[in-house]
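These notes concern the structure reproduced below.
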Amino acid sequence: MATEASCAWWRNVLREPVDASSLIGVRLALGALICAGAIRFWAKGWVQELLLNDGIRLTYYGFAWVPHPGELGCQVLLTVTALAGFAMCFGRWGRAPLVVAFVSFTWLELIEASTYLNHYYFVTALLLLLCVLPQLPPTSTLLSSKEHAPCVPRATLWAVRTQVAAVYVFAGAAKLNPDWLLRAEPLRTWLMVRSELPVLGPLLTHEMTAYAFSICGAAYDLTIVAWLSWRKTRAFAWTAVVVFHVLTAALFRIGLFPWIMIALSCVFFEPDWLRRVVASVRDRWRHEPRGSWPPTPDSGSPSTAPASGAAEMATFTRGRGAVVGLLLCLQLLFPLRQWLYAGNRMWTEQGFRFAWNVMLMEKAGHMEFVVRDGNTGRSYRTDGEMLLTPLQRKMASTQPDFLLQVAHEIGRRSSSRGYQNVRVYGDVWVSLNGRRRRRFVDPSVDLMHVHDGFAPRTWLLPMNDGER
Amino acid sequence: MQRVRRQLSHSCCRHERSPFRWRAAKRTQAATPWLLGVFAAVALCAGCNSGGGAKRANEAAQSTGGAEAGTSLEHEAGSADARSDAGSEVDASLSGGGLDAATTPGSNDVELGSVVDHLVDDVFVPSYESFEAAAKELNTSVSAFCQAVQSSGGSTGTQAGASHGDAGIVQRDAGPRQRDAGTMRRDAGAGAPPTEDVADARALLAEVRRAWERARSEWKKADAFAFGPYRDQPWRIGPKLDSYPVRVATVDAFFVNGGIDAGTLASQGTRVRGLPVIEYLLYAPGSAEATLSAFDGETGRLRCSYLQALGSDTHALATEMTEAWRDTYADEVKLAGSGSETFERLHDALSEIVNRMVFAIENLRLMKVGKPAGLGEDGEPLPELFESLFSNRAREDAHDALLGVWQVYSGRLWPDGFDGDVAVERDRGIRGTVLWRGPELDEAVISEFEAAFGALDESGSFVAVVAEDPTRLETVYEALRQLQLTFGVDVAAALGVTVTFNDTDGD
């Protein structure tokens, strides 16, 4: 009985109407950044540099089937992504812009796995979530008065908040490792080379600065969601968000990630914060009495939600709820898989991707392969350079699944050159977080007989046991 | 910037006094300073990236122009004496177990900007100046040689051949390691007294060969920083000076088709210009007499004309390279992160420098040793791919290229060759930054340099070794591989340098 009552209470809470303006802001910011990101990708010539390679395509496990659309196709996909992002800003045409942006953006991501970035994946995950959530009202409704403001079920807002919170919390948890906390790596390395910056520069070369940044960074990631959610600390918290992300943008080359996180951190504000900002600006513009801003304490409770907007609210059906629940469970459980494997996950990178391991390590490597004809014994050594773009080479030299794909491609090509019963052995060396290099791949293992998957990578040598 | 800082400070103070001030105050009024605080922080941080390099810009502006450059750095003013002390003072050597305070892990104040400035002023520009001087000497020697050959009526080779047969030996003008390592070469100049003209021609040939070898040596040392004017437009000087193998058939065709002058040469392909083609003309197969014979007659006249054009062209390119560095590119590198169009951040310049070092070692190992010796993918020795094949100078080329890498690592020139037992100098070379991580990595780098130079010294002539037993070059190949691993993995990781030429986002 108590359980039923509890469930009913939760159902009611999740279905309560809240102002949709916060989520409209999320869609607006996401659309603008997707559009800007696509234009930036094109302007930097990254289609040719990163996505087109006659040698080899590096793919994610299980996604090798995704077709490469060719140069023209990539340009079209990029254009479509930019247009869809632009359309998202308006919130018109139903879900179409969201779906198109999701498909085109994700397709571009899946073409070449060496371009993987956590924030690309974040954009994909968020787009997918927005596709299945109840449809949001157009952006123009931000101009509506509070009384006529459209609403969404509270669960919609909470779903997006959960997705954003997952990034911070998992990123923070990942930083609770000895390298980060006890050696201040990789920040020590990264900060040292920014010593030219004025004001901060001289400080950055000191070890204590790296330790301070490491500890503050971990604490920030782990707790910022709570500080943003608590009304009393929100102002400080958001100031910290801005300072933190602007600082990371200034110090590191991490593209649009800081701006995405600054924009999306606002989702923890009151649901109607954006509407009040718009109203305040509008009032100033018209020289009318100012509205209240910053946001007043507002629980987003039904009593404060506008009645007319609530009446037209899109419903959260049982089926939709199940899909959203499934997606969120996946987002919360999938990153945990990395802790199921033995060994240092930064070394083996098992379960490392799609798990919000953000800015966690500095890894450098060098790979070569010894190809042997199993019948005649003749052999040769190659680094596969002719097959790889510079970015692929860099990524494959430290990431085991890519490395394996390169080994297999070299083996295939050797077969076509007349080698029989081809065996490929890795001579791979890696340095992690400033340590001296260690042998990465067991040189006695024929990589042609190793296949990627979720099983432990026994063909890698443990970091602490590797030959020097 | 000062105003922005004051705003930030003001904003912070307000928050410190009353965390809940903005809630208690009239909200619309409180929002303004709060927002100002946020945007002041944004502006300050953004300033870090864009305009923030005024100090370095100022330093670079002051330091433009050669040797005096490094000594006028403003950021070390206030301690000008300290700086000159630091610059001249050779700190405790590694063998002594002590490190300069500036390079002690944890207490360092290693100034990357200073490291880069020193590299430009003390290694890159002086190296190209040395090359320019050598190219000038080569041009002069070529002119003198051709004058002598042509004034002798084009019969120097046949006379020399008739009177002396195989001539004697002339020692190369190379570093001490090269001199005592079996680099002697047959040449004209000893034996029974020749006629005066022939003796002159032979001596001048020896002289022009020495001049070529010196130019070649200086050029190869610059392989370690072959970026900027070397490969970028509008200069792209590197390939014009050093493309190999020489397109022999095309070169020979010039003698049949009436020769070529310096003006025409400048429009020709890279395979018929530069140091390798001069080498081809100066080192005919066989003895020195064979070379002198090749300058006989009408073909010899055309050959001389081509040689003079090459000498002049090489000198002009060397001058262009030096001027490009001195007048333009030195500032591009030194202003990295502070207004440089090429390097958005100082770290980008450091990355470029380390990348070129790694590439120089890799290229040496795979293309200059491995492939010709049959240690590469093809498995078959291809000795015709050795550099400086005609003068049999492949090993010396490799030695000079490696010395260039050492010079960048140590941060200064080493006219007497490699010496690993050397003290640490403040803010000098990549070594200055590596030492920040502790002495272990530096010790490994030095011992691998010693191994690589040792292997080169013991290898003997590459061409001869490959003819006898190519696997003897495996020691050199392996030593270079270890050095490549150390720079490409350990040094790159220690400096957070991406070993790639790609410039994408991270995470």
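Since the model is a prediction, treat every value here as computed from it, not as a measurement. Sequence lines set the chain letters: A, B, ... in the order given, protein chains first and strands last, and positions in each chain run from 1.
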Of the backbone (N, CA, C, O) and the side chain (C-beta and beyond), which part of A/Val430 lies under 4.5 Å from a heavy atom of chain B, both, or neither?
backbone
Quick check on A/Arg435 against chain B: is it the side chain, the backbone, both or neither that has a heavy atom closer than 4.5 Å?
backbone
Against chain A, label B/Leu485 side chain, backbone, both or neither, depending on which of its atoms sit under 4.5 Å from a heavy atom there.
both
List in chain and number order the residues that pass side-chain hydrogen bond (donor to acceptor under 3.5 Å, both in side chains) with B/Gln482, two or more places apart in sequence or in another chain; answer none if no residue qualifies.
A/Arg437, B/Glu478
A/Thr189 meets the side-chain hydrogen bond (donor to acceptor under 3.5 Å, both in side chains) criterion, sequence neighbours left out, with A/Glu185, B/Arg437
Answer yes or no: is there an ion pair linking [X] with [Y], defined by an N-O contact shorter than 4.0 Å?
X        : Y        : answer
B/Glu362 : A/Arg393 : yes
B/Arg365 : A/Glu368 : yes
A/Arg253 : B/Asp348 : yes

How long is the gap from [atom1] on [X] to [atom2] on [Y], to the nearest 0.5 Å?
X        : Y        : atom1 : atom2 : result
A/Ser431 : B/Leu441 : OG    : CG    : 9.0 Å
A/His366 : B/Gln484 : NE2   : CD    : 4.5 Å
A/Trp429 : B/Thr486 : CH2   : OG1   : 9.5 Å

Ignoring hydrogens and angles, tell me if any N or O in the side chain of B/Arg345 forms a donor-acceptor pair with the backbone of A/Leu251 under 3.5 Å.
yes
Distance-minimising heavy-atom pair for B/Gly488 and A/Ala364:
O-CB, 4.3 Å
What pair of heavy atoms forms the shortest contact from B/Ala444 to A/Arg436, and how long is it?
CB-NH1, 3.4 Å
Side chains of [X] and [Y]: closer than 4.5 Å at any heavy-atom pair?
X        : Y        : result
B/Leu375 : A/Arg381 : no
B/Leu366 : A/Asp383 : yes
B/Leu112 : A/Val193 : yes

